Structures are given as structure tokens and as C-alpha cells.
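Just so it is clear, the structure is predicted and the values come from calculations on it, not from any experiment.
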Amino acid sequence: DPEQAVGHYDLIAERYRKNGLADDALWHAARLLRKLKRPEDAVVRLRTLQARREIAFGTGSYLSIWHDDGQLEMATILRDDLGQGNRAAREFRKLHELYPDSILRDDALFGEALSWKSAGEPQRACAVLDELAKKHPESKYRRQSPELRQELGCAADPG
């Protein structure tokens, strides 16, 4: 029962809030809530996950494996499920800025470009596609970029 599972995940997140189990529980609850067509509730869990982000002052990291994934998922939900292209674009940008070592940075830039497109901001989408081409020339999204660039009316690919 997915609803009951969400309740259990919420209980784990509350009971073990100073533990990595909370991150796992918030991530899995958000994923289930999205499948249950409850995107607002999923975003709440993902925002809570992001609020738990803590930077180590010495060696090592306190970042959960779910932080960058959660940021990407939250932005995608805002764009695709809630139709909030402007907010989604800002959340995709946060992933690129907050997680400079993440392997999801190119995903975030492409997601940001799609979000600006959905928000009716083709110039901003084109600028992000240019950034993607310059910063991630080997990205899997480079194959999709020409069609999107043409659809948006962007200048030629700068790469």
C-alpha cells in the first residue's frame, strides 16, 4: 500500500532526523507521492531533504546521495507536474550551483532550458543551451539540442 508506505517513510524521517535514514525516507516518500499524483506533497518532502543539506568545514562531506537527485526531481516536478516553469528553472539552476561535482549538472542545464521554454522565455532557454554546449560538450543532451535550438529560434550551436 503506497499511502501506508509514505506514512512509514514520514515516521522514519521524523524519528531519525539526525541520521542518513531520514534522507532515504524523504527521497523514497517523494518518489511514491509523485506516482500517487500528489506532486505538492512530493515537493514538500524534497524541500525538507534539501533543508538537511550541510557542508563539512573539514575533510569529507555530509551530503546525502539523494541531495542532487532530490534537487533535480523537485525541479522536474515543478515543471512537468505543476506547470511552474519559472520556479523549475531556478531550481534546476540551484543544482548546478550547489552541487558543482554532481554528475547531474548537464541534466540540470537541459532541464533548465526546457523550463524556460515552458515558461515562454525562449531567449533564456537558448542562453542555457549555449552554456550547456560550452560547459558539457560531451553531454548526452547535445544530440537533443539541435532540434530544441531550432524550435526555440536559437543561433547556431556555439560548440
Report yes or no: do Leu104 and Leu132 belong to one cluster of Ile/Leu/Val/Met/Phe/Trp/Tyr joined by side chain heavy-atom distances under 4.5 Å? no

Please report the C-alpha distance between Leu32 and Arg38 in whole Å, then the side-chain angles of each, then the deciding distance to 0.1 Å, and finally whether the side chain to side chain contact (heavy atoms under 4.5 Å, CB included) criterion is met. CA-CA 9 Å; Leu32 275 176; Arg38 292 174 48 196; over 6 Å; no

Roughly how far, to the nearest 0.5 Å, is the CG atom of Leu72 from the CD1 atom of Ile77? 10.0 Å

Count the heavy atoms of every other residue, nucleotide or ligand shown that sit under 6.0 Å from NZ of Lys37, and state whether that count exceeds 12. no

Under a single-linkage rule joining Ile, Leu, Val, Met, Phe, Trp and Tyr whose side-chain heavy atoms are separated by less than 4.5 Å, which residues share a cluster with Val44? none

Begin from the C-alpha positions of Leu148 and Leu114 and carry the test side chain to side chain contact (heavy atoms under 4.5 Å, CB included) through to its verdict. CA-CA 9 Å; Leu148 182 57; Leu114 292 174; 3.8 Å; yes

Arg93/Val128 under side chain to side chain contact (heavy atoms under 4.5 Å, CB included): CA gap, chis, key distance, verdict: CA-CA 10 Å; Arg93 176 58 54 171; Val128 174; 4.0 Å; yes

Short question: side chain of Arg17, backbone of Glu14 - any donor-acceptor pair under 3.5 Å? yes

Which pair of non-hydrogen atoms, one from Ala88 and one from Ala75, has the smallest distance, and what is that distance? CB-O, 3.4 Å

State, with a plain yes or no, whether a side-chain heavy atom of Asp69 is found less than 4.5 Å away from one of Arg31. no

My understanding is that only residues two or more places apart in sequence, or in another chain, count here; which of them pass ring pair (Phe, Tyr, Trp, His ring centres under 6.0 Å) with His28? Tyr9, Trp66

Between Arg105 and Glu131, is the closest basic N to carboxylate O distance under 4.0 Å? no

Would you give me the side-chain donor-acceptor pairs under 3.5 Å for residues 118-127, sequence neighbours excluded?
unit_1 : atom_1 : unit_2 : atom_2 : d
Ser118 : OG     : Ser115 : O      : 2.9

Measuring from Leu82:CG to Arg87:CZ, what's the distance to the nearest 0.5 Å? 7.5 Å

Can you find a heavy atom in the side chain of Arg149 that is under 4.5 Å from one in the side chain of Asp130? yes

Just wondering, do Val6 and Arg45 contact through their side chains at under 4.5 Å, heavy atoms? yes

Within this structure, what is the CD-CZ distance for the pair Gln84 and Arg90, rounded to the nearest 0.5 Å? 9.5 Å

Any pair with a residue in residues 122-154 that passes ring pair (Phe, Tyr, Trp, His ring centres under 6.0 Å), sequence neighbours left out, goes on the list, sorted by first then second residue, please. His96-His136, Phe110-Tyr141

Mind checking the CG-CG spacing from Leu36 to Asp41? Nearest 0.5 Å is all I need. 9.5 Å

Within a strict 4.5 Å, meaning less than it, do heavy atoms of the Thr76 and Arg34 side chains meet? yes

Which is it for Leu26 and Leu46 under the side chain to side chain contact (heavy atoms under 4.5 Å, CB included) test, yes or no, and what are the steps along the way? CA-CA 7 Å; Leu26 290 164; Leu46 294 167; over 6 Å; no

How long is the gap from CG on Leu95 to OG on Ser102, to the nearest 0.5 Å? 5.0 Å

Could you list who else is in Leu11's hydrophobic cluster, with ILVMFWY side chains joined at under 4.5 Å, directly or through other members? none

Contact between Lys117 and Glu151 at the side-chain level, heavy atoms closer than 4.5 Å - yes or no? yes

When rounded to the nearest 0.5 Å, the distance separating CD of Gln50 from CG of Leu98 is 7.5 Å

The salt bridge (charged side-chain N to carboxylate O under 4.0 Å, His left out) partners of Arg47 (sequence neighbours excluded) come to Glu91

